[in-house]
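Only one structure is covered here, and it is reproduced in the block below.
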Amino acid sequence: AIEGFQRGGREDLIQKESLEMAILLGYLPQPLTEDEIRAVVEEIAATAGAATEREFGRVMGSVMKRVAGRAEGKTVERIVRDVLRR
């Protein structure tokens with residue numbers, strides 16, 4: 001909505017929406033960095049003894065449970081595949 005207000009030159013609505021977004025973001029959990037996700041993936045893969053992509057589903061499921069709400073699935077999938085290819 002903010003982008004639309006910017007195009008329309010509605011500074012009053014931009015400020016209102018920006019304030020609301022700042023308040024809402026304060027309640028959300030902090031997203032994990034790729035390094036933090038990689039550490040979780042490596043820990044789970046090592047604990048499960050997963051060393052090939054055949055264990056992808058098991059590792060992916062465990063990682064997603066651990067990082068729920070703090071990481072996007074596509075990012076997690078990419079990192080899991082990378083770790084299991086090593």
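Atom set for the values below is all heavy atoms of this structure, side chains included, hydrogens, waters and symmetry mates excluded.
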* To do: Report the C-alpha distance between Thr52 and Leu84 in whole Å, list the side-chain angles of each, state the deciding distance to 0.1 Å, and finish with yes or no for side chain to side chain contact (heavy atoms under 4.5 Å, CB included).
  => CA-CA 5 Å; Thr52 68; Leu84 293 178; over 6 Å; no
* Decide yes or no for Met21 and Glu17: does some side-chain heavy atom of the first lie under 4.5 Å from some side-chain heavy atom of the second? => no
* Is there side-chain contact between Phe5 and Glu11, with at least one heavy-atom pair below 4.5 Å? -> no
* Can you sort out the partners of Arg86 under side-chain contact (heavy atoms from CB on, under 4.5 Å), two or more places apart, ordered by chain and number? => Arg38, Glu42, Asp82
* **Rounded distance [0.5 Å steps], CE in Met60 versus CD in Glu77** => 5.5 Å
* To do: Find out whether Arg70 and Pro31 are in side-chain contact, i.e. whether some heavy atom of one side chain is under 4.5 Å from a heavy atom of the other.
  => no
* To do: For residues Thr75 and Arg78, determine if any side-chain heavy atom of one lies less than 4.5 Å from a side-chain heavy atom of the other.
  => yes
* Exercise: identify the closest heavy-atom pair between Gly69 and Pro29 -> O-CG, 3.7 Å
* To do: Just jot down the salt bridge (charged side-chain N to carboxylate O under 4.0 Å, His left out) partners of Glu20, sequence neighbours excluded, or say none.
  => Lys16
* **Residues Glu43, Arg66: salt bridge by 4.0 Å N-O rule** => yes
* Decide whether Leu24 and Ile14 are clustered together by the hydrophobic rule: side chain heavy atoms of Ile, Leu, Val, Met, Phe, Trp, Tyr closer than 4.5 Å, transitively. => no
* To do: Indicate, with yes or no, if Leu13 and Ile23 share a hydrophobic cluster defined by side-chain heavy-atom contacts under 4.5 Å among Ile, Leu, Val, Met, Phe, Trp and Tyr.
  => no
* For Glu72, what residues pass the side-chain hydrogen bond (donor to acceptor under 3.5 Å, both in side chains) criterion, not counting sequence neighbours? -> none
* Mind listing the closest non-hydrogen atom pair of Val80 and Phe56 along with its distance? => CG1-CD1, 3.5 Å
* Over all heavy atoms of both residues, which pair between Glu34 and Ile79 is shortest? Give the atoms and the distance, please. => O-CD1, 3.8 Å
* Nearest-0.5 Å distance that lies between atom CD in Gln15 and atom CZ in Arg10 -> 11.5 Å
* Can you name the nearest heavy-atom pair linking Val59 to Ala45, along with the distance? -> CG2-CA, 4.4 Å
